[in-house]
J.: 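Take a look at the following structure, please.
Just so it is clear, the values below take in all heavy atoms, side chains as well, and ignore hydrogens, waters and symmetry mates. Here is how names work: the chains are called A, B, and so on, in the same order as the sequence lines, proteins then strands, and each is numbered from 1.
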Amino acid sequence: MMNDNSNFIKTIMKNELENGVVDHILTRFPPEPNAYLHIGHARAIIMNFELAKCFNGATNLRFDDTNPSKEDTEYVDAIKKDIAWLGYEPKAINYGSNYFDATYEKALLLIKKNLAYVDDLDQETLAKYRGSINEPGIPSPYRNRTIEENLKLFEEMRMGKYANGEKTLRAKIDMSSPNINLRDPVIYRIMHITHHQTKDKWCIYPMYDFAHPLQDAFEGITHSLCSIEFEDHRPLYEWVINNCEVEAKPRQIEWGRLGITHMIMSKRYLKQLVDEHYVTGYDDPRMPTLVGLRRRGFTPNAIKNFILSTGLSKINSTVDYGMLEHFLREDLKLTTTRPMAILNPLKVVITNYPSDRIEYVDAVNNMENESLGTHKMAFGREIYIEQEDFCEVKPNKHWKRLAKDVEVRLMHAYFIKCNEVIKDENGNIIEIHCTYDPKTKSGSGFNERKPNGTIHYVEATTALKARFNLFEPLIMDEKVSTQNFKERLNPNSWQTCEGFVEAVLKDTKPMDKYQFIRNGYYTTDYQAKGDKLVFNRIVGLKSSFTA
RNA sequence: AGGGCUAUAGCCAAGCGGUAAGGCAACGGACUUUGACUCCGUCAUUCGAUAGUUCGAAUCUAUCUAGCCCUACCA
């Protein structure tokens with residue numbers, strides 16, 4: 001699966017394996033269960049699993065649940081489903097909270113080694129003592145408490161003697177470090193709150209910087225991959241690993257974040273869109289969430305190929321949205337059937353075709369994948385074509401569609417020629433009259449003359465009414481800014497068309513995927529109801545044509 | 001008293017001292033019962049800038065510039 005493009009993490013793993021630094025690879029995907037996964041998370045999932053797979057290694061899923069005030073089991077379940085949808089199976093599914101006892105023991109160990117102390121400073125004062133990027137911090141007056149006193153106070157914290165925020169446990173490192181993460185970071189805080197996994201067992205919870213390296217070590221993770229903003233935390237990660245007397249020595253490696261043009265990807269903003277009803281939910285087809293993309297019709301393969309093709313580096317990159325669409329088209333191209341749909345109908349009467357007759361022509365489902373077979377398609381006296389496929393006067397020699405006195409091929413059926421244009425009193429075209437040539441039936445081998453072009457159609461009396469949702473990405477600005485992002489949402493992100501599809505689609509199943517001739521790739525909406533079939537556009541076709 | 005990271009085409013990205021892969025986009029052309037698809041062609045004399053080392057530098061050194069991250073009891 002992993003493409004030939006090497007990447008720096010793969011190289012590191014390969015070298016460590018060859019030099020005996022490690023004898024296997026075990027990675028982990030560690031989401032905090034406080035949001036739905038989006039395509040940015042997909043990169044972390046795919047890279048962790050694929051990198052491990054390159055070396056016959058494995059990947060754990062571990063819910064990073066050290067802050068119960070933000071988390072919920074709703075997200076735990078959603079995350080598990082998304083990972084399964086992408087096609088990955090974790091070696092183990094763990095919770096950070098599984099390790100609360102062991103983590104607590106390590107905190108005790110640090111206190112006994114005089115490397116941690118209980119601090120009484122309130123949040124505001126503590127921030128002041130920490131200093132700033134331009135000035136060193138100063139030690140807390142509580143920094144030199146005795147080991148016995150610290151042990152007693154920490155035990156009292158655990159027993160619930162103190163209120164939220166009244167005391168913290170801090171690592172004793174270096175208040176004057178230029179790296180602010182090393183200025184005696186808080187490693188345990190008091191939080192009287194019920195945890196979704198451990199319920200009321202604890203009222204103190206470890207901080208990410210303390211818990212994460214320990215959890216990695218407890219699980220025997222060899223490579224702990226994370227995004228670049230944690231680079232400054234690596235010295236702290238290593239401090240914890242080196243001072244807590246753990247057997248495994250996991251290594252943290254950072255990569256750059258992935259952005260996509262036209263897509264907003266911050267958890268916080270996605271939540272606002274849902275909470276303020278700008279979208280119908282996390283699974284709104286315009287959302288960059290995995291559930292949203294799945295409903296829109298994206299395939300796991302398309303997402304996987306997209307992620308792997310963008311490679312991996314330490315650059316925070318912004319990939320063009322067109323790249324995502326490309327990999328989606330490529331994946332759908334060979335797997336979708338190609339029935340006809342008319343989004344904006346124009347009625348055509350074939351005046352020399354009997355009114356009491358319907359015939360069925362053979363239509364190939366996918367000319368690039370013959371294994372998908374053929375289906376029967378109705379043809380009769382009255383049909384619908386796209387409004388944009390007719391122009392009263394052929395505008396130029398490049399026009400390959402229908403016009404008055406011009407002959408075109410109806411795909412899979414006959415040549416037709418337009419003889420008459422019917423207009424209402426305002427001059428709007430309401431229908432056109434054509435004649436067909438029986439000798440030109442598709443498959444007959446007729447080649448006495450070339451049509452002007454080929455267009456698609458549906459037979460009017462058998463066609464099914466349909467609604468087409470034409471989704472666009474939620475954000476259309478060149479560069480998505482987090483400033484005023486709601487005002488910059490694309491107002492045309494969800495347009496609809498009322499048209500027709502072939503009768504053959506009446507047996508369509510929710511989430512079936514089609515390529516409608518010239519109209520792009522669509523999927524049936526799983527919420528379709530009533531007398532109309534509802535189709536969501538997944539992605540359009542590439543087209544440079546302008547009339 | 002600041003620290004850390006990054007820089008190769010419009011967007012991604014290989015390259016690790018031997019003379020700039022590939023993909024997306026774009027643009028030409030061929031083909032076509034989808035203006036799709038497919039196929040062919042074009043698209044960096046130069047790698048953020050400037051010096052230096054070297055027979056040879058995107059790769060090594062120095063200086064500079066630009067961008068991102070760090071002052072949560074979030075992750």
J.: Contact list please: residues 189-198 of chain A against RNA chain B, heavy atoms, distance less than 4.0 Å, in numerical order.
T.: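 Within this stretch, A:Arg189 sit under 4.0 Å of the strand.
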J.: Ion pair present between A:Asp120 and A:Arg145, side-chain N to carboxylate O less than 4.0 angstrom?
T.: yes
J.: Salt bridge or not between A:Arg62 and A:Glu219? Use side-chain N to carboxylate O under 4.0 Å.
T.: yes
J.: Closer than 4.0 angstrom, basic N to acidic O: yes or no for A:Lys167 and A:Glu156?
T.: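 Looking at A:Lys167 and A:Glu156, the cut-off is not met.
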J.: Looking across every strand, which nucleic acid part, if any, lies under 4.0 Å from A:Arg183 by heavy atom: base, sugar-phosphate, or nothing?
T.: base
J.: Say you pick atom C1' in B:C37 and the same atom in B:A44; how far apart are they, in whole Å?
T.: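 Approximately 30 Å lies between the C1' atom of B:C37 and that of B:A44.
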J.: So does A:Glu472 pair up with A:Arg537, basic N to acidic O under 4.0 Å?
T.: yes
J.: A:Ser313 side chain N/O closer than 4.0 Å to the phosphate oxygens (OP1, OP2) of B:A13?
T.: yes
J.: In this structure, which stretches of RNA chain B are paired as stems of three or more consecutive Watson-Crick or G-U pairs, both distances less than 3.5 Å?
T.: B:2-7 with B:65-70, B:10-12 with B:22-24, B:26-30 with B:38-42, B:48-52 with B:60-64
J.: Can you find a donor-acceptor N/O pair under 3.5 angstrom joining the side chain of A:Glu368 to the base of B:U38?
T.: no
J.: Side-chain polar contacts of residues 31-47 of chain A - donor-acceptor pairs under 3.5 angstrom, sequence neighbours left out - could you list them?
T.:
from: A:Glu32; atom 1: OE1; to: A:Asn34; atom 2: ND2; distance (Å): 2.9
from: A:Asn34; atom 1: OD1; to: A:Lys267; atom 2: NZ; distance (Å): 3.0
from: A:Tyr36; atom 1: OH; to: A:Glu74; atom 2: OE2; distance (Å): 2.9
from: A:His38; atom 1: ND1; to: A:Gly40; atom 2: N; distance (Å): 2.9
from: A:His38; atom 1: NE2; to: A:Met265; atom 2: O; distance (Å): 2.9
from: A:His41; atom 1: ND1; to: A:His38; atom 2: N; distance (Å): 2.9
from: A:Arg43; atom 1: NH1; to: A:Gly311; atom 2: O; distance (Å): 3.0
from: A:Arg43; atom 1: NH2; to: A:Gly256; atom 2: O; distance (Å): 2.6

J.: Grab the N/O contacts between the protein and nucleotides 66-72 of chain B below 3.5 Å, and write none if there aren't any.
T.:
from: B:C68; atom 1: O2'; to: A:Asn316; atom 2: ND2; distance (Å): 3.4
from: B:A72; atom 1: O5'; to: A:Arg130; atom 2: NH2; distance (Å): 3.4

J.: Using a cut-off of less than 4.0 Å, is there contact between a side-chain N or O of A:Lys542 and OP1 or OP2 of B:A25?
T.: yes
J.: Is A:His456 touching bases, backbone alone, or none of the nucleic acid, heavy atoms closer than 4.0 Å?
T.: nothing
J.: Is the closest side-chain heavy-atom distance between A:Thr299 and A:Lys513 below 4.5 Å?
T.: yes
J.: Just jot down the side-chain contact (heavy atoms from CB on, under 4.5 Å) partners of A:Pro178, sequence neighbours excluded, or say none.
T.: none
J.: Are A:Glu166 and A:Lys161 within salt-bridge range, i.e. N to O under 4.0 Å?
T.: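 Salt bridge: no.
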J.: Do A:Arg518 side-chain and B:G35 base share a donor-acceptor contact under 3.5 Å?
T.: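 Absent.
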J.: Starting at the 5' end of RNA chain B and moving along, which residue's nearest nucleotide shows up first, A:His326 or A:Lys314?
T.: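 Closer to the 5' end of RNA chain B: A:Lys314.
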J.: Would you mind classifying the nucleic acid contact of A:Ser317 as base, sugar-phosphate or nothing, using non-hydrogen atoms under 4.0 angstrom?
T.: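 The answer is sugar-phosphate, as A:Ser317 gets under 4.0 Å only of primed atoms, P, OP1 or OP2.
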J.: Can you check nucleotides 29-32 of chain B for protein contacts, nitrogen or oxygen pairs under 3.5 Å, and list what you find?
T.:
from: B:U32; atom 1: O4; to: A:Lys400; atom 2: NZ; distance (Å): 3.2

J.: In plain terms, say whether A:Lys542 and A:Glu325 are close enough for a salt bridge, that is, a side-chain N and a carboxylate O under 4.0 Å apart.
T.: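 Salt bridge: no.
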J.: Would the base of B:U33 count as contacting A:Ser442 through its side chain, where contact means a donor and an acceptor less than 3.5 Å apart?
T.: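 Donor-acceptor pair under 3.5 Å: yes.
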J.: Describe the nucleic acid contact of A:Ser176 in one word from base, sugar-phosphate, nothing, applying a heavy-atom distance below 4.0 Å.
T.: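 Touches a base.
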